[in-house]
Amino acid sequence: MTPNPAPHTNTTSTSSHQFLKRVLLVALVAALLFLFYTIVRMAFQVLLVFFAAVLFGILLHGLSSFLQRHTKVPYKWSLGIVCLLLAGAVVGLFMYLGPSLSEQSEQLGKALPEAYDKLKQQIAALPYGQQLLKQIPPPEQMLKGQGSVMRNAFSFFSTTFGALANMLIVLVIGIYLATSPRETANALVRLVPKPRRPRTREVLHVLRYTLWGWLKGTLLAMAVIGILTAVGLSIIGIPLSLLLGVFAGLLEFIPNIGPFIAGAPAVLLALVQDPTKALTVVLFFIALQSLEGYVLTPLVQKKIIDLPPILTIMGQVLLGLIAGMWGLLLAVPMVAVVMVLVKMLYIEDVLGDYGVEVKGEEEAIALEEKRDQQGFQEGAEG
(Lines give C-alpha, C1' and ligand atoms only; values in the text may rest on other atoms or scores of the structure.)
Protein backbone atom coordinates (compact mmCIF):
# COMPACT_ATOMS: atom_id res chain seq x y z
CA MET A 1 0.00 0.00 0.00
CA THR A 2 1.55 3.32 -1.11
CA PRO A 3 1.63 6.30 1.31
CA ASN A 4 -0.47 9.40 0.59
CA PRO A 5 1.74 12.37 -0.46
CA ALA A 6 -1.03 14.93 0.06
CA PRO A 7 0.16 16.24 3.47
CA HIS A 8 3.64 17.05 2.12
CA THR A 9 2.15 18.80 -0.92
CA ASN A 10 -0.18 20.85 1.23
CA THR A 11 2.66 21.86 3.54
CA THR A 12 4.79 22.98 0.58
CA SER A 13 1.90 24.93 -0.91
CA THR A 14 1.20 26.64 2.40
CA SER A 15 4.85 27.60 2.84
CA SER A 16 5.02 29.03 -0.68
CA HIS A 17 1.83 30.98 -0.08
CA GLN A 18 3.16 32.45 3.15
CA PHE A 19 6.48 33.35 1.50
CA LEU A 20 4.62 35.10 -1.35
CA LYS A 21 2.53 37.06 1.18
CA ARG A 22 5.68 38.18 2.98
CA VAL A 23 7.30 39.27 -0.27
CA LEU A 24 4.20 41.24 -1.26
CA LEU A 25 4.02 42.79 2.20
CA VAL A 26 7.67 43.88 2.06
CA ALA A 27 7.16 45.27 -1.46
CA LEU A 28 4.07 47.18 -0.30
CA VAL A 29 5.88 48.64 2.70
CA ALA A 30 8.84 49.63 0.50
CA ALA A 31 6.49 51.29 -2.02
CA LEU A 32 4.70 53.19 0.75
CA LEU A 33 8.00 54.33 2.25
CA PHE A 34 9.22 55.50 -1.15
CA LEU A 35 5.94 57.34 -1.76
CA PHE A 36 6.18 58.95 1.68
CA TYR A 37 9.79 59.98 1.01
CA THR A 38 8.86 61.48 -2.36
CA ILE A 39 5.96 63.46 -0.89
CA VAL A 40 8.05 64.71 2.02
CA ARG A 41 10.89 65.71 -0.30
CA MET A 42 8.57 67.62 -2.65
CA ALA A 43 6.86 69.30 0.30
CA PHE A 44 10.24 70.23 1.76
CA GLN A 45 11.37 71.72 -1.54
CA VAL A 46 8.23 73.84 -1.71
CA LEU A 47 8.82 74.84 1.91
CA LEU A 48 12.31 76.03 0.96
CA VAL A 49 10.82 78.29 -1.72
CA PHE A 50 8.47 79.86 0.83
CA PHE A 51 11.32 80.17 3.32
CA ALA A 52 13.34 82.04 0.68
CA ALA A 53 10.34 84.33 0.21
CA VAL A 54 10.26 84.97 3.97
CA LEU A 55 13.97 85.89 3.90
CA PHE A 56 13.35 88.26 1.00
CA GLY A 57 10.45 89.82 2.85
CA ILE A 58 12.60 90.29 5.97
CA LEU A 59 15.29 91.91 3.81
CA LEU A 60 12.79 94.37 2.34
CA HIS A 61 11.27 95.06 5.75
CA GLY A 62 14.66 95.68 7.35
CA LEU A 63 15.82 98.06 4.62
CA SER A 64 12.49 99.89 4.58
CA SER A 65 12.49 100.29 8.38
CA PHE A 66 16.04 101.62 8.24
CA LEU A 67 15.04 104.17 5.59
CA GLN A 68 11.94 105.13 7.56
CA ARG A 69 13.90 105.74 10.77
CA HIS A 70 16.48 107.97 9.11
CA THR A 71 14.26 109.91 6.67
CA LYS A 72 10.88 109.93 8.49
CA VAL A 73 9.27 108.78 5.24
CA PRO A 74 6.14 106.62 5.81
CA TYR A 75 6.82 102.91 5.79
CA LYS A 76 4.86 102.11 2.61
CA TRP A 77 6.70 104.83 0.72
CA SER A 78 9.99 103.59 2.12
CA LEU A 79 9.20 100.09 0.91
CA GLY A 80 8.43 101.38 -2.58
CA ILE A 81 11.70 103.33 -2.67
CA VAL A 82 13.67 100.27 -1.50
CA CYS A 83 12.07 98.07 -4.19
CA LEU A 84 12.86 100.63 -6.88
CA LEU A 85 16.44 101.03 -5.66
CA LEU A 86 17.01 97.26 -5.57
CA ALA A 87 15.52 96.80 -9.04
CA GLY A 88 17.61 99.69 -10.36
CA ALA A 89 20.75 98.29 -8.75
CA VAL A 90 20.20 94.85 -10.30
CA VAL A 91 19.50 96.31 -13.75
CA GLY A 92 22.44 98.69 -13.47
CA LEU A 93 24.85 95.93 -12.45
CA PHE A 94 23.71 93.76 -15.35
CA MET A 95 24.08 96.63 -17.80
CA TYR A 96 27.48 97.68 -16.42
CA LEU A 97 29.02 94.29 -15.62
CA GLY A 98 26.93 92.09 -17.91
CA PRO A 99 29.08 92.38 -21.05
CA SER A 100 32.33 91.86 -19.14
CA LEU A 101 30.94 88.93 -17.16
CA SER A 102 29.49 87.33 -20.29
CA GLU A 103 32.81 87.60 -22.11
CA GLN A 104 34.78 86.31 -19.15
CA SER A 105 32.30 83.44 -18.69
CA GLU A 106 32.96 82.30 -22.24
CA GLN A 107 36.70 82.59 -21.67
CA LEU A 108 36.43 80.66 -18.41
CA GLY A 109 34.43 77.92 -20.12
CA LYS A 110 37.29 77.49 -22.60
CA ALA A 111 40.13 78.02 -20.13
CA LEU A 112 39.10 75.49 -17.48
CA PRO A 113 39.12 72.40 -19.76
CA GLU A 114 42.47 73.50 -21.17
CA ALA A 115 43.83 74.09 -17.68
CA TYR A 116 42.55 70.66 -16.60
CA ASP A 117 44.28 68.96 -19.54
CA LYS A 118 47.55 70.79 -18.86
CA LEU A 119 47.33 69.84 -15.21
CA LYS A 120 46.90 66.19 -16.15
CA GLN A 121 49.99 66.42 -18.35
CA GLN A 122 52.00 67.91 -15.51
CA ILE A 123 50.83 65.19 -13.12
CA ALA A 124 51.61 62.48 -15.67
CA ALA A 125 55.21 63.75 -15.89
CA LEU A 126 55.70 63.18 -12.16
CA PRO A 127 56.85 59.86 -10.68
CA TYR A 128 53.83 57.60 -10.23
CA GLY A 129 51.80 60.23 -12.05
CA GLN A 130 50.02 57.70 -14.27
CA GLN A 131 48.87 55.70 -11.24
CA LEU A 132 47.60 58.91 -9.64
CA LEU A 133 45.64 59.90 -12.73
CA LYS A 134 43.90 56.54 -12.79
CA GLN A 135 42.51 57.27 -9.32
CA ILE A 136 41.07 60.66 -10.36
CA PRO A 137 37.64 60.33 -12.03
CA PRO A 138 36.93 62.54 -15.06
CA PRO A 139 34.80 65.68 -14.47
CA GLU A 140 31.75 64.26 -16.22
CA GLN A 141 31.77 61.24 -13.91
CA MET A 142 31.87 63.49 -10.83
CA LEU A 143 28.57 65.04 -11.89
CA LYS A 144 26.75 61.71 -12.11
CA GLY A 145 24.73 60.01 -9.42
CA GLN A 146 21.19 60.23 -8.16
CA GLY A 147 22.13 61.55 -4.77
CA SER A 148 24.77 63.96 -6.02
CA VAL A 149 24.46 67.49 -4.69
CA MET A 150 26.02 68.87 -7.87
CA ARG A 151 23.35 67.17 -9.92
CA ASN A 152 20.54 68.30 -7.63
CA ALA A 153 21.96 71.82 -7.59
CA PHE A 154 20.66 72.53 -11.09
CA SER A 155 17.62 70.26 -11.08
CA PHE A 156 15.60 71.61 -8.17
CA PHE A 157 13.90 74.46 -9.99
CA SER A 158 13.22 72.38 -13.09
CA THR A 159 11.65 69.56 -11.07
CA THR A 160 9.18 71.70 -9.11
CA PHE A 161 7.61 74.74 -10.76
CA GLY A 162 10.45 76.04 -12.90
CA ALA A 163 12.96 78.81 -12.29
CA LEU A 164 10.73 81.69 -13.31
CA ALA A 165 7.76 80.43 -11.30
CA ASN A 166 9.85 80.03 -8.16
CA MET A 167 11.43 83.45 -8.56
CA LEU A 168 7.99 84.96 -9.05
CA ILE A 169 6.72 83.21 -5.91
CA VAL A 170 9.67 84.51 -3.89
CA LEU A 171 9.20 88.07 -5.17
CA VAL A 172 5.42 88.21 -4.74
CA ILE A 173 5.29 86.60 -1.29
CA GLY A 174 8.33 88.53 -0.10
CA ILE A 175 6.83 91.89 -1.16
CA TYR A 176 3.49 90.96 0.41
CA LEU A 177 5.14 90.03 3.71
CA ALA A 178 7.13 93.26 3.71
CA THR A 179 3.99 95.27 2.91
CA SER A 180 1.99 93.92 5.86
CA PRO A 181 4.38 92.37 8.40
CA ARG A 182 2.23 93.15 11.42
CA GLU A 183 -0.93 91.72 9.85
CA THR A 184 0.93 88.54 8.91
CA ALA A 185 2.33 88.14 12.43
CA ASN A 186 -1.13 88.70 13.94
CA ALA A 187 -2.61 86.05 11.65
CA LEU A 188 0.00 83.52 12.76
CA VAL A 189 -0.48 84.38 16.42
CA ARG A 190 -4.24 83.77 16.16
CA LEU A 191 -3.55 80.14 15.21
CA VAL A 192 -2.39 79.29 18.74
CA PRO A 193 -4.43 79.24 21.98
CA LYS A 194 -4.86 82.61 23.71
CA PRO A 195 -2.64 81.80 26.71
CA ARG A 196 0.28 81.08 24.35
CA ARG A 197 -0.18 84.09 22.08
CA PRO A 198 2.14 86.52 23.91
CA ARG A 199 4.94 83.93 23.89
CA THR A 200 4.29 83.14 20.22
CA ARG A 201 4.60 86.83 19.39
CA GLU A 202 7.91 86.99 21.24
CA VAL A 203 9.21 83.98 19.29
CA LEU A 204 8.21 85.57 15.97
CA HIS A 205 9.96 88.81 16.95
CA VAL A 206 13.17 86.98 17.86
CA LEU A 207 13.08 84.94 14.63
CA ARG A 208 12.72 88.08 12.53
CA TYR A 209 15.49 89.80 14.49
CA THR A 210 17.78 86.78 14.09
CA LEU A 211 17.21 86.35 10.36
CA TRP A 212 17.61 90.07 9.72
CA GLY A 213 20.91 90.04 11.60
CA TRP A 214 22.08 87.01 9.65
CA LEU A 215 21.14 88.67 6.36
CA LYS A 216 23.05 91.86 7.22
CA GLY A 217 26.18 89.95 8.15
CA THR A 218 25.99 87.66 5.13
CA LEU A 219 25.42 90.44 2.61
CA LEU A 220 28.30 92.45 4.07
CA ALA A 221 30.59 89.42 3.91
CA MET A 222 29.54 88.74 0.31
CA ALA A 223 30.35 92.29 -0.75
CA VAL A 224 33.69 92.42 1.06
CA ILE A 225 34.86 88.98 -0.07
CA GLY A 226 33.74 89.58 -3.66
CA ILE A 227 35.57 92.91 -3.95
CA LEU A 228 38.72 91.69 -2.22
CA THR A 229 38.80 88.53 -4.36
CA ALA A 230 38.53 90.47 -7.62
CA VAL A 231 41.18 93.00 -6.56
CA GLY A 232 43.52 90.41 -5.06
CA LEU A 233 43.41 88.02 -8.03
CA SER A 234 43.95 90.95 -10.39
CA ILE A 235 47.06 91.99 -8.45
CA ILE A 236 48.37 88.41 -8.41
CA GLY A 237 47.86 88.26 -12.18
CA ILE A 238 45.09 85.67 -12.46
CA PRO A 239 42.95 86.09 -15.57
CA LEU A 240 39.17 86.61 -15.34
CA SER A 241 39.52 88.18 -11.91
CA LEU A 242 36.22 90.10 -12.16
CA LEU A 243 34.20 86.95 -12.85
CA LEU A 244 36.02 85.01 -10.14
CA GLY A 245 35.36 87.85 -7.69
CA VAL A 246 31.63 87.86 -8.44
CA PHE A 247 31.64 84.06 -8.17
CA ALA A 248 33.37 84.16 -4.79
CA GLY A 249 31.02 86.85 -3.50
CA LEU A 250 27.92 84.88 -4.46
CA LEU A 251 29.24 81.64 -2.98
CA GLU A 252 29.98 83.44 0.28
CA PHE A 253 26.24 82.97 0.89
CA ILE A 254 27.14 79.30 1.53
CA PRO A 255 29.59 79.26 4.46
CA ASN A 256 32.15 76.46 4.92
CA ILE A 257 31.49 74.99 1.45
CA GLY A 258 31.21 78.02 -0.86
CA PRO A 259 34.77 79.34 -0.37
CA PHE A 260 36.29 76.01 -1.41
CA ILE A 261 34.17 75.93 -4.56
CA ALA A 262 35.00 79.58 -5.31
CA GLY A 263 38.74 79.08 -4.92
CA ALA A 264 39.03 75.99 -7.11
CA PRO A 265 38.86 77.71 -10.56
CA ALA A 266 41.35 80.40 -9.50
CA VAL A 267 43.82 77.84 -8.16
CA LEU A 268 43.46 75.71 -11.29
CA LEU A 269 44.08 78.65 -13.61
CA ALA A 270 47.10 79.73 -11.54
CA LEU A 271 48.51 76.20 -11.37
CA VAL A 272 48.72 76.03 -15.14
CA GLN A 273 50.63 79.31 -15.30
CA ASP A 274 53.01 78.79 -12.39
CA PRO A 275 52.86 76.47 -9.33
CA THR A 276 54.29 79.30 -7.22
CA LYS A 277 51.43 81.54 -8.29
CA ALA A 278 48.97 78.78 -7.40
CA LEU A 279 50.44 78.64 -3.90
CA THR A 280 50.03 82.42 -3.66
CA VAL A 281 46.35 82.07 -4.62
CA VAL A 282 45.83 79.37 -1.99
CA LEU A 283 47.41 81.56 0.69
CA PHE A 284 45.31 84.49 -0.51
CA PHE A 285 42.05 82.54 -0.10
CA ILE A 286 43.17 81.29 3.32
CA ALA A 287 43.75 84.91 4.34
CA LEU A 288 40.31 85.86 3.04
CA GLN A 289 38.64 83.12 5.06
CA SER A 290 40.60 84.15 8.13
CA LEU A 291 39.38 87.71 7.61
CA GLU A 292 35.80 86.49 7.38
CA GLY A 293 36.02 84.06 10.30
CA TYR A 294 37.91 86.25 12.75
CA VAL A 295 36.83 89.77 11.74
CA LEU A 296 33.64 90.00 9.67
CA THR A 297 31.57 87.28 11.33
CA PRO A 298 32.34 88.26 14.96
CA LEU A 299 31.96 91.96 14.15
CA VAL A 300 28.54 91.72 12.53
CA GLN A 301 26.87 88.54 13.77
CA LYS A 302 28.34 87.74 17.18
CA LYS A 303 25.73 89.72 19.11
CA ILE A 304 22.89 88.55 16.88
CA ILE A 305 23.41 84.90 16.06
CA ASP A 306 25.84 82.25 17.30
CA LEU A 307 25.78 79.03 15.28
CA PRO A 308 28.04 76.12 16.27
CA PRO A 309 30.09 75.12 13.20
CA ILE A 310 29.26 71.43 13.61
CA LEU A 311 25.50 72.13 13.45
CA THR A 312 25.99 74.36 10.43
CA ILE A 313 27.95 71.72 8.54
CA MET A 314 25.50 68.96 9.47
CA GLY A 315 22.59 71.11 8.31
CA GLN A 316 24.32 71.92 5.03
CA VAL A 317 25.10 68.27 4.29
CA LEU A 318 21.59 67.08 5.16
CA LEU A 319 19.70 69.80 3.31
CA GLY A 320 22.13 69.65 0.39
CA LEU A 321 21.43 65.95 -0.08
CA ILE A 322 17.67 66.48 0.18
CA ALA A 323 17.18 69.65 -1.88
CA GLY A 324 20.46 70.30 -3.71
CA MET A 325 21.65 73.86 -4.12
CA TRP A 326 18.59 75.38 -2.45
CA GLY A 327 19.26 73.24 0.58
CA LEU A 328 22.84 74.51 0.72
CA LEU A 329 21.77 78.11 0.26
CA LEU A 330 19.16 78.07 3.02
CA ALA A 331 20.76 75.62 5.44
CA VAL A 332 22.34 78.22 7.72
CA PRO A 333 19.24 80.41 8.26
CA MET A 334 17.11 77.29 8.75
CA VAL A 335 19.55 76.00 11.38
CA ALA A 336 19.34 79.42 13.05
CA VAL A 337 15.54 79.19 13.11
CA VAL A 338 15.63 75.69 14.59
CA MET A 339 18.09 76.79 17.29
CA VAL A 340 15.87 79.72 18.32
CA LEU A 341 12.78 77.49 18.44
CA VAL A 342 14.55 74.80 20.48
CA LYS A 343 15.97 77.29 22.97
CA MET A 344 12.79 79.30 23.47
CA LEU A 345 10.04 76.68 23.13
CA TYR A 346 11.77 73.61 24.55
CA ILE A 347 14.66 74.59 26.82
CA GLU A 348 12.95 77.63 28.34
CA ASP A 349 9.24 76.79 28.15
CA VAL A 350 9.30 73.00 28.61
CA LEU A 351 12.41 72.43 30.71
CA GLY A 352 12.17 75.74 32.54
CA ASP A 353 15.88 76.46 32.05
CA TYR A 354 16.25 80.19 31.47
CA GLY A 355 20.01 80.16 31.84
CA VAL A 356 20.52 79.45 28.13
CA GLU A 357 21.24 82.63 26.20
CA VAL A 358 19.00 83.38 23.23
CA LYS A 359 20.89 86.03 21.31
CA GLY A 360 18.71 88.96 20.41
CA GLU A 361 15.72 87.92 22.56
CA GLU A 362 15.75 90.97 24.82
CA GLU A 363 16.71 93.32 21.98
CA ALA A 364 14.00 91.97 19.67
CA ILE A 365 11.27 92.19 22.30
CA ALA A 366 12.33 95.70 23.36
CA LEU A 367 12.46 96.86 19.73
CA GLU A 368 9.02 95.43 19.01
CA GLU A 369 7.54 97.05 22.13
CA LYS A 370 8.99 100.37 21.00
CA ARG A 371 7.42 99.93 17.56
CA ASP A 372 4.07 99.01 19.13
CA GLN A 373 4.17 102.20 21.25
CA GLN A 374 5.04 104.30 18.21
CA GLY A 375 2.21 102.69 16.23
CA PHE A 376 -0.25 103.30 19.09
CA GLN A 377 0.79 106.96 19.34
CA GLU A 378 0.48 107.46 15.59
CA GLY A 379 -2.98 105.85 15.66
CA ALA A 380 -4.06 108.05 18.59
CA GLU A 381 -2.84 111.17 16.83
CA GLY A 382 -4.64 110.12 13.66
Side-chain angles (χ1 to χ4, degrees), residues 101 104-105 107-108 111-112 114-116 118-120 122-123 126 129 132 135-137 139 142 149-150 153 214-317 319-320 325 328-329 331-333 335-336:
L101 292 178
Q104 291 193 9
S105 297
Q107 296 176 5
L108 183 64
L112 284 181
E114 296 176 357
Y116 181 75
K118 291 182 180 179
L119 179 61
K120 289 175 60 177
Q122 294 178 0
I123 294 177
L126 298 175
L132 181 60
Q135 305 299 323
I136 302 177
M142 297 180 185
V149 173
M150 294 300 295
W214 176 82
L215 280 171
K216 288 190 295 184
T218 301
L219 292 176
L220 176 62
M222 290 173 64
V224 172
I225 295 299
I227 294 173
L228 291 180
T229 300
V231 174
L233 293 180
S234 177
I235 294 175
I236 296 174
I238 304 300
L240 313 176
S241 58
L242 176 61
L243 178 62
L244 294 175
V246 173
F247 188 56
L250 293 176
L251 287 179
E252 189 63 26
F253 198 84
I254 311 175
N256 303 317
I257 300 175
F260 291 99
I261 303 176
V267 174
L268 184 59
L269 291 175
L271 190 61
V272 174
Q273 296 180 353
D274 184 4
T276 304
K277 185 177 291 188
L279 180 60
T280 304
V281 172
V282 171
L283 295 176
F284 171 70
F285 273 96
I286 292 176
L288 279 182
Q289 294 312 305
S290 300
L291 173 66
E292 178 204 2
Y294 295 102
V295 178
L296 292 179
T297 299
L299 180 65
V300 179
Q301 295 186 357
K302 198 63 177 178
K303 295 183 179 180
I304 300 173
I305 181 174
D306 187 11
L307 296 177
I310 184 63
L311 290 182
T312 303
I313 296 174
M314 290 175 60
Q316 288 178 315
V317 172
L319 295 180
M325 183 58 71
L328 289 176
L329 287 173
V332 177
V335 171

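Atom set for the values below is all heavy atoms of this structure, side chains included, hydrogens, waters and symmetry mates excluded.
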Original post:
How far does CG of Leu228 sit from CZ of Phe284, to the nearest 0.5 angstrom?
Top reply: 6.5 Å

Original post:
What heavy-atom pair brings Pro265 and Leu244 nearest, and what distance separates the two atoms?
Top reply: CB-CD2, 3.9 Å

**OP:** Check step by step if side-chain contact (heavy atoms from CB on, under 4.5 Å) holds for Phe247 and Thr229.
**Re:** CA-CA 9 Å; Phe247 188 56; Thr229 300; over 6 Å; no

Original post:
How long is the span from the CG atom in Leu243 to the CG atom in Leu233, to the nearest 0.5 Å?
Top reply: 10.5 Å

Original post:
Rounded to the nearest 0.5 Å, how far apart are CD1 of Ile236 and CG of Leu283?
Top reply: 9.0 Å

**OP:** Could you grab the distance from atom CZ of Phe260 to atom CG of Leu251, nearest 0.5 Å is fine?
**Re:** 12.5 Å

Original post:
What are the two closest non-hydrogen atoms of Ile254 and Gln316, and how far apart are they?
Top reply: CG2-NE2, 3.7 Å

**OP:** For Ala266 and Val281, work out which heavy atoms get closest and say how close.
**Re:** CB-CG1, 4.0 Å

Original post:
How many angstroms lie between atom CG of Leu220 and atom CD of Glu252, to the nearest 0.5 angstrom?
Top reply: 10.0 Å

**OP:** To the nearest 0.5 Å, tell me how far Ile225 CD1 sits from Leu288 CG.
**Re:** 5.0 Å

Subject >> Closest non-hydrogen atom pair between Phe253 and Thr218, with its separation >> reply: CD1-CG2, 3.6 Å

Subject >> Closest non-hydrogen atom pair between Lys277 and Gly237, with its separation >> reply: NZ-O, 3.9 Å

Subject >> Shortest non-hydrogen contact between Ala331 and Leu319, atoms and distance >> reply: CA-CD1, 3.4 Å

